[in-house]
There are 2 protein chains.
Amino acid sequence: MRKDSRLSRMLHVLVHLHQLQQAVTSDQLALMLHTNPVVVRRTMSLLREQGYVSAVKGHGGGWTLAKPLHEITLLDIHRSLSESSLFTIGLTDEHNNCPIEKAVNLAIDDVLQEAEALVLQRFGEVTLDKLAAGYIPR
Amino acid sequence: MRKDSRLSRMLHVLVHLHQLQQAVTSDQLALMLHTNPVVVRRTMSLLREQGYVSAVKGHGGGWTLAKPLHEITLLDIHRSLSESSLFTIGLTDEHNNCPIEKAVNLAIDDVLQEAEALVLQRFGEVTLDKLAAGYIPR
DNA sequence: TTTTATGTAACTTATGATGTTTCTTAATGT
DNA sequence: ACATTAAGAAACATCATAAGTTACATAAAA
């Protein structure tokens, strides 16, 4: 399955925006991400809607941070991007009455929910200024 | 992204094979899973290669368990099915020298690896006989 | 008014599980 | 022997979604 690399890309962009301290165009960001400016706008607009970045049109325009990095967590950006599940694993027909199928799905879902809670908690613990300073793994 | 429901489907099948105590054809399993027999063979063959089920051709043939349920864990089946990642989240160009990108990917990967380890550990703790008996969530 | 840059719609591509058709191979029953 | 049953396997279509692309509208500054 194709991976969703938007979180990685957006974090990368946000830290650069902080360091450059000036408006950066979608074309410039696209070069940085090895993609094209429409993909940049499409993804960045989700962060704009949540108030993490601002966009200005016309000469000298582009994207700037709307909040300092220490006020943004990985969880904030993750939530801005995805409504879809974190896992590639899915369950089967939940409208089925087979008790075995229900037990199977319950067991899998139980584990995935615990893992998702862990991911969200860890993402919430990391502010973006920690990435700018050079992230140190646990 | 389309979800991978093979784990859910295969666990369901294995518990039924245990309860039926006789060879079950791919056609019968396909009815049970609301799919078709080719999909069943394709997925079950991965479990056969790992020694969890046996297949017999011809009259009276079909699929049977090759190991008792208490000797099979969710992890065993998960490993038999997937070489691909558990997560829909992916990282960007790892051949890039940008230190910010590296820090971002390290931070995300750190969290995902911890979560994946948790999933694998939990899957390894659950044997399939627990599903047959009616799984009780934590 | 020209240039620059975002905003947006519409369409194509890539990926991998799933679905489907068709044929081959092997084992059993008559 | 021959028909039937069932797995094995190849080839191709479908689906969903991020990503990529093209084209044009809108707004702001030179």
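In what follows, chains carry the letters A, B, and so on, assigned in the order in which the sequence lines appear, proteins first and then strands, with residues in each chain numbered from 1. A quick note: this is a predicted structure, and the numbers were derived from the prediction, not measured.
Atom CG of A:L46 is separated from atom C1' of D:dA18 by 12 Å (rounded to the nearest Å). Between the CZ atom of B:R6 and the P atom of C:dA17 there is a distance of 5 Å, rounded to whole Å. Distance CG (A:L33) to P (D:dA19): 10 Å, rounded to an integer number of Å. Distance, B:K3 NZ to D:dA18 C1': 15 Å, rounded to whole Å. Spacing between atom CG of A:D4 and atom P of C:dT15 amounts to 16 Å, rounded to whole angstrom units. Straight-line distance from the CD atom of A:Q28 to the P atom of C:dT4: 13 Å, rounded to whole Å. A straight line from CE of B:M44 to P of D:dG8 spans 10 Å, rounded to a whole angstrom. C:dT8 atom C1' lies 12 Å from atom CD of A:E49, rounded to whole Å.
Dashed line: the shortest gap from a side-chain N or O of B:N36 to OP1 or OP2 of C:dG19 is not under 4.0 Å. Residue B:T25 places none of its side-chain N or O atoms closer than 4.0 Å to OP1 or OP2 of D:dA7. Here B:S5 reaches the OP1 or OP2 of C:dT18: one of its side-chain N or O atoms lies under 4.0 Å away. Of the side-chain N and O atoms in B:R41, none sit less than 4.0 angstrom from OP1 or OP2 of D:dA10. The phosphate of C:dT6 (OP1 or OP2) has no side-chain N or O of A:R48 nearer than 4.0 angstrom. For A:T35 and D:dA19, the shortest distance from a side-chain N or O to OP1 or OP2 is not below 4.0 Å. At the phosphate of C:dT6, neither OP1 nor OP2 sits under 4.0 Å from any side-chain N or O atom of A:R42.
With rounding to the nearest 0.5 Å, the separation of CZ in A:R9 from CE in A:M32 is 12.5 Å. With values rounded to the nearest 0.5 angstrom, A:L112 atom CG is found 12.5 Å from B:R122 atom CZ. Atom-to-atom distance recorded for B:S80:OG and B:R48:CZ is 12.0 Å, nearest 0.5 angstrom.
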Polar pairs (N or O, both sides) under 3.5 Å between protein and nucleotides 27-30 of chain D?
unit_1: D:dA27; atom_1: O4'; unit_2: A:K57; atom_2: NZ; d: 3.3

With a 3.5 Å cut-off and sequence neighbours excluded, list the donor-acceptor pairs that the side chains of residues 65-79 of chain A form with protein atoms.
unit_1: A:T73; atom_1: OG1; unit_2: A:L75; atom_2: N; d: 3.3
unit_1: A:T73; atom_1: OG1; unit_2: A:D76; atom_2: N; d: 3.1
unit_1: A:T73; atom_1: OG1; unit_2: A:D76; atom_2: OD2; d: 3.1
unit_1: A:D76; atom_1: OD2; unit_2: A:T73; atom_2: N; d: 2.8

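Take A:L20 and apply the side chain to side chain contact (heavy atoms under 4.5 Å, CB included) test, not counting sequence neighbours, and it matches A:Q22, A:V24.
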side-chain hydrogen bond (donor to acceptor under 3.5 Å, both in side chains) assessment of B:T88 paired with A:K3: CA-CA 5 Å; B:T88 54; A:K3 295 304 200 73; over 6 Å; no

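Where B:S26 and A:H34 each meet DNA chain D at their nearest nucleotide, the meeting point lying more 5' is that of B:S26.
Closest to the side chain of B:V38, out of C:dT18, D:dA10, C:dT6, is D:dA10.
Of all heavy-atom pairs between B:I108 and A:S8, the closest is CD1-CA, 3.7 Å.
At least one side-chain heavy atom of B:W63 sits less than 4.5 Å from a side-chain heavy atom of B:S26.
Note on A:T43: nothing from the nucleic acid sits closer than 4.0 angstrom, heavy atoms only.
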